[in-house]
Amino acid sequence: MTDWLHDSVAAMASPGPWRSFRHVFIVSFIDDGKYYLLSALVLWLLLHVVLKKRLAHRAIGGWPTRADVGREIMYSISTLCVITALNAGILALVVGGVFEVYAEPLKHGLAWLLLSLPLMIVWHDVYFYWTHRLLHTRWLFTRVHGVHHRSRNPSPWAAFSFHPVEALINSMVVPIALVAVPLNEYVIAAFAIHQIVRNAHGHAAVESLPRGFARHWLGGRFVTTTHHHLHHETGRGNYGLWFTWMDRLFGTERADYFERWDKATAPRPSP
Ligand SMILES: [Zn+2]
Ligand SMILES: [Zn+2]
């Protein structure tokens, strides 16, 4: 994010609007695409190729098919185009002075620099939970969110596998925040990296966290791969993105979560 921001501000300032837009598009696409490619590729290679046999007993449901992976990658490329177009719009508003994305880390104080990332993550979680519930209403599910749910057993490549409308909805977290507050460019970059790494991990189809995690006083507050996998498998409950608190508060956590967690994290049967 930071590289493309610097390069793109320079490009916007140079003559030729089409050249500038094309530059922003290419740089942003490569930058966001790089995070997606790296996260999904590393997790997929590790969990679905190298360790597949060793982790077979930790498969939550089934494994994704080749067709699933191919479709997830195609929709993710489409999502990257949506994100990139939106980034160009954000950039235009930053250059125009409407949004403030600042480079000097301490410009708004150390407290804001440190607080803004956790606040952005919590805001993302709340925003996602409610938009996700909305996307599960019949009309929107049939036309929009069903694309993401075509993966009953998702792979890490499903992290960006959305209908373009959902891609746009999910990408509004940063611009909506920028309406209210200034954000440091490194905070935005860290936010983007956190979201793609955890998103790819949440779609891994195999539980990689330790057995004690889901019942731990702290670990239990985080959404696990099993938590989100059950959402894909059934299309009901477990709507949260990063934390379990919204599902618990509104009674939407699946009743079989711990049972399936125990099954997925049970010790490997001896040969
Ligand atoms: Zn999902
Ligand atoms: Zn859903």
Side-chain angles (χ1 to χ4, degrees), residues 32 35-36 39-41 43-44 47-48 59-65 67-80 82-83 121 124-173 192 194-209 222-257 260-261 264:
D32 286 311
Y35 296 147
Y36 165 72
S39 315
L41 187 66
L43 285 165
W44 178 75
L47 304 174
H48 288 225
I60 302 157
W63 295 90
T65 62
D68 285 328
V69 171
R71 186 189 62 252
E72 289 167 359
I73 292 173
M74 292 312 288
Y75 272 109
S76 292
I77 291 170
S78 144
T79 294
L80 279 166
V82 172
I83 292 173
I121 292 170
H124 190 188
D125 193 57
V126 174
Y127 175 86
F128 182 89
Y129 179 84
W130 288 111
T131 51
H132 193 188
R133 295 277 311 259
L134 204 64
L135 285 163
H136 271 265
T137 52
R138 189 186 292 264
W139 197 88
L140 281 171
F141 190 89
T142 318
R143 289 163 180 80
V144 179
H145 192 49
V147 165
H148 187 64
H149 277 272
R150 281 178 69 185
S151 305
R152 277 179 71 91
N153 296 304
S155 83
W157 299 104
F160 276 165
S161 178
F162 302 119
H163 183 284
V165 170
E166 185 173 356
L168 186 67
I169 292 170
N170 290 347
S171 306
M172 290 303 288
V173 180
H194 166 268
Q195 86 86 15
I196 188 61
V197 171
R198 284 200 60 198
N199 203 341
H201 181 256
H203 291 100
V206 41
E207 189 50 70
S208 53
L209 291 168
F222 292 87
V223 162
T224 61
T225 307
T226 304
H227 201 271
H228 193 63
H229 191 97
L230 294 184
H231 176 71
H232 274 266
E233 202 178 81
T234 61
R236 275 176 202 282
N238 294 6
Y239 299 101
L241 182 64
W242 308 136
F243 309 108
T244 49
W245 67 293
M246 296 288 281
D247 276 309
R248 288 178 187 170
L249 195 63
F250 296 101
T252 51
E253 184 165 77
R254 292 193 56 83
D256 57 353
Y257 173 46
R260 292 292 298 273
W261 170 268

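All figures in this text were calculated on a predicted structure; none of them were measured in a lab. Counting convention: from 1, in listed order, for ligands and their atoms alike.
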Can you give me every donor-acceptor pair (side chain of residues 164-172, partner residue at least two apart or in another chain, under 3.5 Å) with its distance?
unit_1, atom_1, unit_2, atom_2, d
Glu166, OE1, His145, ND1, 2.8
Glu166, OE2, His145, ND1, 3.1
Ser171, OG, Ala167, O, 2.6

Between Phe222 and Trp242, is the side-chain contact (heavy atoms from CB on, under 4.5 Å) condition met? List the steps. CA-CA 6 Å; Phe222 292 87; Trp242 308 136; 5.8 Å; no
Pair Phe162-Val82, side-chain contact (heavy atoms from CB on, under 4.5 Å): steps then yes or no: CA-CA 10 Å; Phe162 302 119; Val82 172; over 6 Å; no
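Annotation: angle subtended at the Zn ion (ligand 2) by His145 NE2 and His132 NE2 is 90°, to 10°.
Ring-plane geometry between His136 and His149 is classed as perpendicular, the angle between the planes exceeding 60 degrees on a 0 to 90 degree scale with a lower cut at 30. Ring orientation note: the planes of Tyr36 and Phe160 are close to parallel, at an angle under 30° on the 30°/60° scale.
Around the Zn ion (ligand 1), the protein contributes the following N, O or S atoms at distances under 2.8 Å: His148 NE2, His203 NE2, His228 NE2, His232 NE2.
Side-chain N/O atoms of His194 and His124 include no donor and acceptor closer than 3.5 Å.
Taking the Zn ion (ligand 2) as reference, His136 places its N/O/S atom NE2 nearest.
In this structure a side-chain-to-backbone donor-acceptor pair under 3.5 Å is missing from Arg248 to Glu253.
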